[in-house]
Amino acid sequence: MLRIYRTEETGKLAKLKKNKILPMTWCSLVNPNEDELLQVSTFLHIDYDILSNSLDADERSRIEQEKNSLAIIINLPLLDDEGNFDTLPCGLVLTPKNFITICARENRVINSFNRSTAKTFDTKDRARFMLNILYKCTQFYLKYLTIINKRTEDLEYALRKTTSNKELFQLMEIQKSLVYFTTALKDNHLVLLKLLRLMRSPSVAKLANFSTDDADFLDDVIIENKQAIEMVDMHRSILEGMMDGFASIINNNVNLVMKFLAAITIILSIPTMLASFWGMNVPVAFADNPNGFWVVMGLSAIATISTIIYFKRKGMF
């Protein structure tokens, strides 16, 4: 889908027709078809591969500088409808007069730039707009990490009551999400550092009109991104320790159950063994005694109770 926006003089964000890519507009491509890609590529004189690469789910964060464009591919945080976390490549392309964003799916980072937030960005200030998206991306990583931390605490509380497979599988999903976040944030960090260096390049400065304030703002984005990396690493370490701890608890619970069952098996085998001895077709003690049955039952009871007391003292129960 191709959407074209332009900030008006009043500060409002206006949506233009698809066949009207005017200067100083924002072209938002979300899961575009081939015709839309060709339209943007042809009209703005951008290499088609730069746009199509942003739709690859496995694309790594990087920067591509062409004669009349500066393309940045970053990985955005993604929270789907099922509550799972993932990352999504997103292309940010600066041309001499336009700004393009391209993603394979709808996401909250790009959607946060809309008519209700139009006062926070300007499509004419393309460089600042791109930096705002980079900053918003980092903010969403920090926001999702807060959600992940809350979920982890809830699962830890639930696992203390009962160790079930459902909670363990959820912890595994969170652990996988943190791996995605770590990889994406570190790749994004390298892109941000490279962009900071490119700002000093005359060709890039001329293309994007980067100012001193933009460089300072990018420094803030880099600091926020570094903080997100540290938080992800901290959460991963905590989660890995938690998983190891619960694995030890599960193994210990299994050992306790096996120990209890072994003790019960031994206790139940005592009266069975005595009954087997007195059930043989050979002369046995108390065979002619009218109270022989109760004598055998008493011996079985004494032996069983003695074994239970012994196991109790040894911590078998």
Side-chain angles (χ1 to χ4, degrees), residues 1-18 20-32 36 40 43-44 46 50-51 54 61 63 69-79 88-144 188 191-192 195-196 198-199 204-225 227-228:
M1 180 182 295
L2 171 61
R3 303 186 186 99
I4 303 174
Y5 301 98
R6 182 178 61 184
T7 302
E8 297 179 338
E9 296 299 329
T10 58
K12 293 183 179 181
L13 188 65
K15 186 176 181 181
L16 307 181
K17 296 180 180 180
K18 291 184 179 180
K20 202 173 184 179
I21 304 180
L22 299 177
M24 303 304 171
T25 56
W26 165 33
C27 300
S28 176
L29 291 160
V30 178
N31 192 21
E36 292 171 336
V40 175
F43 193 88
L44 299 179
I46 303 173
I50 292 178
L51 300 177
S54 302
S61 301
I63 293 181
S69 66
L70 176 66
I72 301 176
I73 298 178
I74 60 171
N75 276 278
L76 308 177
L78 188 67
L79 177 61
L88 175 72
C90 177
L92 310 176
V93 185
L94 285 174
T95 69
K97 294 184 178 181
N98 296 86
F99 178 61
I100 306 165
T101 60
I102 176 169
C103 299
R105 297 176 57 181
E106 294 279 358
N107 60 87
R108 299 181 184 182
V109 176
I110 300 299
N111 289 343
S112 62
F113 296 90
N114 50 51
R115 291 178 179 176
S116 61
T117 61
K119 293 183 178 180
T120 62
F121 64 96
D122 190 338
T123 60
K124 294 186 290 293
D125 192 353
R126 296 163 293 112
R128 192 70 171 193
F129 189 11
M130 181 188 68
L131 295 178
N132 280 330
I133 292 177
L134 295 174
Y135 185 70
K136 183 67 69 173
C137 171
T138 305
Q139 283 187 322
F140 267 90
Y141 271 114
L142 293 172
K143 178 180 179 181
Y144 290 162
N188 288 353
V191 168
L192 295 174
L195 179 61
L196 186 62
L198 286 176
M199 277 186 173
V204 175
K206 182 179 179 181
L207 172 67
N209 293 324
F210 286 115
S211 64
T212 305
D213 292 338
D214 291 334
D216 294 337
F217 186 39
L218 182 56
D219 282 331
D220 295 337
V221 176
I222 292 173
I223 292 173
E224 289 290 317
N225 191 81
Q227 180 184 351

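Count residues from 1 along the sequence.
- Interatomic distance, CD1 of I46 versus CG of L51, reported as 5.5 Å (0.5 Å rounding).
- Under a 3.5 Å cut-off, the side chain of T25 and the backbone N or O of I4 do not form any donor-acceptor pair.
- Distance CG/L76 to OG1/T138: 10.0 Å, rounded to 0.5 Å.
- Listed for the N132 side chain is a donor-acceptor partner under 3.5 Å among the backbone atoms of R128.
- A distance of 4.5 Å separates CD1 of I222 from CG of L196, quoted to the nearest 0.5 Å.
- Atoms CD1 and CG, on I223 and L192 in that order, are 11.5 Å from each other to the nearest 0.5 Å.
- Listed by chain and residue number, nothing satisfies the salt bridge (charged side-chain N to carboxylate O under 4.0 Å, His left out) test with K97 (two or more places apart in sequence, or in another chain).
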Show which side-chain atoms of residues 6-15 pair as donor or acceptor with protein atoms under 3.5 Å away, not counting sequence neighbours.
{"residue": "T7", "atom": "OG1", "partner": "T123", "partner atom": "N", "Å": "3.0"}
{"residue": "T7", "atom": "OG1", "partner": "T123", "partner atom": "OG1", "Å": "3.3"}

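- Distance SG/C137 to CD/E224: 12.0 Å, rounded to 0.5 Å.
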Discussion item. Quick one, I110 with V30, criterion side-chain contact (heavy atoms from CB on, under 4.5 Å). Give me CA distance, side-chain angles, the key distance, then yes/no.
Written reply: CA-CA 10 Å; I110 300 299; V30 178; 5.5 Å; no

Item to complete: Take L195 and L134, measure what side-chain contact (heavy atoms from CB on, under 4.5 Å) needs, and give me the verdict at the end.
Response: CA-CA 11 Å; L195 179 61; L134 295 174; 3.9 Å; yes

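- When each of L94, I50, V40 is paired with I100, the side chain to side chain contact (heavy atoms under 4.5 Å, CB included) condition holds for V40 and for no other.
- Evaluated for a side chain to side chain contact (heavy atoms under 4.5 Å, CB included) with I73, the options S61, S54, C90 yield exactly one hit, S54.
- Nearest approach of D214 to L131, heavy atoms of both residues: O-CD1, 3.5 Å.
- Here CD1 of I102 is found 10.0 Å from CG of L2. Values are rounded to the nearest 0.5 Å.
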Item to complete: Please step through side-chain contact (heavy atoms from CB on, under 4.5 Å) for the pair N188 and Y141, ending with a clear verdict.
Response: CA-CA 12 Å; N188 288 353; Y141 271 114; 4.0 Å; yes

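- Between K136 and S112, the shortest heavy-atom contact is CG-OG, 3.5 Å.
- The two atoms that bring N31 and A104 nearest to each other are CB-O, 3.3 Å, heavy atoms only.
- Enclosure of atom CE in M24 by more than 12 non-hydrogen atoms of other residues, nucleotides or ligands within 6.0 angstrom is indicated.
- Residues T101 and F99 share a closest heavy-atom pair of CG2-CE2, 3.5 Å.
- Across D122 and F129, no two heavy atoms sit closer than the pair O-CB, 4.0 Å.
- A donor-acceptor contact shorter than 3.5 Å is absent between the side chain of N98 and the backbone of T95.
- Take F217 and apply the ring-ring contact (aromatic ring centres under 6.0 Å, His included) test, not counting sequence neighbours, and it matches Y135.
- Taking the six-membered ring for Trp, Y5 and F113 have ring centres at least 6.0 Å apart.
- At most 12 non-hydrogen atoms from other residues, nucleotides or ligands lie less than 6.0 angstrom from CZ of R105.
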